[in-house]
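Inspection log for the structure reproduced underneath, given as structure tokens.
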Amino acid sequence: MSGFKEINVIDLILRKRNKGVLSRDEIASFIQGYTLGQIPDYQVSAWLMASFLNGMSEDEMVALTDSMMNSGQVLDLSDIPGRKVDKHSTGGVGDKTSIILAPLVASCGVLVPMISGRGLGHTGGTLDKLESIPGFSTQMSIQDYRSQLKDIGVVMIGQTDEIAPADKKLYALRDVTGTVEFIPFIAASILSKKLAEGINALVLDVKFGSGAFMSDEQDARKLAETLTNLGERFGTDTVALLTDMDQPLGFGVGNWPEIAESIACLQGNGPEDVMEITFALASEMLMAGGVAQSFDEGLFLAEQAIETGRAWEKFEQLVVRQGGTLESIRNPQERDKDRKEAFILAPADGMVTRIGAKIVGRAAVGLGAGRMKKEDTVDPLAGITLFVSAGDTVSKGDPLARIQASNKDRLEATRALVLPAFEFGEECEIPFSRIKDRYSDGSWLNP
Ligand code: URA
């Protein structure tokens, strides 16, 4: 990036404060100036808050996304034959689908270059989960990223300094200035990174409910529409599924507990809710990759990949290529021997009617599965494994969940925090499906 154009930063702040609109060039210069360290945090903070309170036009949002994407390298993978498709989830408690999906879809012949993030708030991060596999590295050069994609069709890494550096700085500033929950900023942040990956298509999993980043369904719908339309404006085929994240997804929450559950899923023993969402997202990716012509064909291919063991073989290749040990994924129970554990027992006879995902997610973070502060290190073994789901009837003293970590320090405190997540009652409405809707080409399937 070079050639920062002198702009009157105060004028841009005043214009947003007075509900005005900025041009594409003004936004480009502003983002460039910030990335190069020529505009200080306090001025960008004021601009963020003014935009947050007074809104942004669609053109401003497109310009912001474009400037953030072009603040670093925009990868060109066109010399590697085949369509490249990625998936992005807005995050949820127990959402381990990326770990299953990436090798699954690659095993069906669609290239998956995946750049993921770390834990955010009460939701976990794919990188922290992958790094709980002993030896697994999520850092590599762009050259190695390209070679691995070409050789085995799948690569899973963290954001590098070369990809959308403006987002890294802006996200850190939004986090401490109360300007995170604003759809244009969220959309620009997510898409600037994804569009810089060199993909042809993107499948989004936009979640709502207590375990999601956005709890309200209408807000999540708006976010799905914004992300999808924005992706399309940049020439990337984009589709979004809207999924219910009110209760934890699957039984494992935390880093190694989610890897252990992903292993079970890849070996054909996954819980129904995780597999439902995984197969639906896989089918979308296979259609976007040109390998399936219909949703049903995509589902069939995805199920076959699990049944025949092809998805598992691809996962083994991925783990070995990124430095992980085969022993740890082939015998996950061996690693479990190192954990310290405590159990949550049912306080009375009754029916579990709901398990609050946010409470479980927060408790897992407090236990060490995520970060309270950016500098915190994560405990790979920390997490919570549920033994029941909504609708199950239990007797007093039955185990409801296991809490685990590398040491005993926080087990007792976490037990008290998790117990209120279990709600008991007479009746329980179990949703027929976690998948609520699908948005593409400007419309919802079930508006
Ligand atoms: N995830 C991101 O990458 N950015 C946001 O702003 C919110 C969620």
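Only a predicted model underlies this, so the values are computations on that prediction, with no experimental measurement involved. When a ligand or atom number is given, it counts from 1 through the structure's own listing order. Counting begins at 1 with the first residue of the sequence. When reading the values below, keep in mind they use all heavy atoms of this one structure, side chains included, and skip hydrogens, waters and symmetry mates.
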Check your understanding: Do the ring planes of Phe315 and Trp312 sit parallel (below 30°), tilted (30 to 60°) or perpendicular (above 60°)?
Key ->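 The arrangement is tilted - the two ring planes meet at 30° to 60°.
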Practice item. Evaluate the side-chain proximity of Ser189 to Leu170: yes if any heavy-atom separation is below 4.5 Å, no if none is. Key: no
Review point. Side chains of Arg371 and Asp128: does their closest heavy-atom pair fall under 4.5 Å?
Key: yes
Contact check: [X] vs ligand 1, nitrogen or oxygen atoms, below 3.5 angstrom:
| X | result |
| --- | --- |
| Ser189 | yes |
| His88 | no |
| Arg174 | yes |

Review point. By side-chain hydrogen bond (donor to acceptor under 3.5 Å, both in side chains), which residues pair with Lys169, not counting sequence neighbours?
Key: none
Point to revise | Asp41: partners by side-chain hydrogen bond (donor to acceptor under 3.5 Å, both in side chains), with sequence neighbours left out | key: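 By the side-chain hydrogen bond (donor to acceptor under 3.5 Å, both in side chains) rule, Asp41 matches Tyr34.
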**Study point:** Atoms of ligand 1, numbered as shown, that sit under 4.0 Å from any heavy atom of Phe213
**Key:** 7 (C)
Review point. Near Lys193, which atoms of ligand 1 are under 4.0 Å from a heavy atom of that residue?
Key: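 This gives 2 (C), 3 (O) as the contact atoms.
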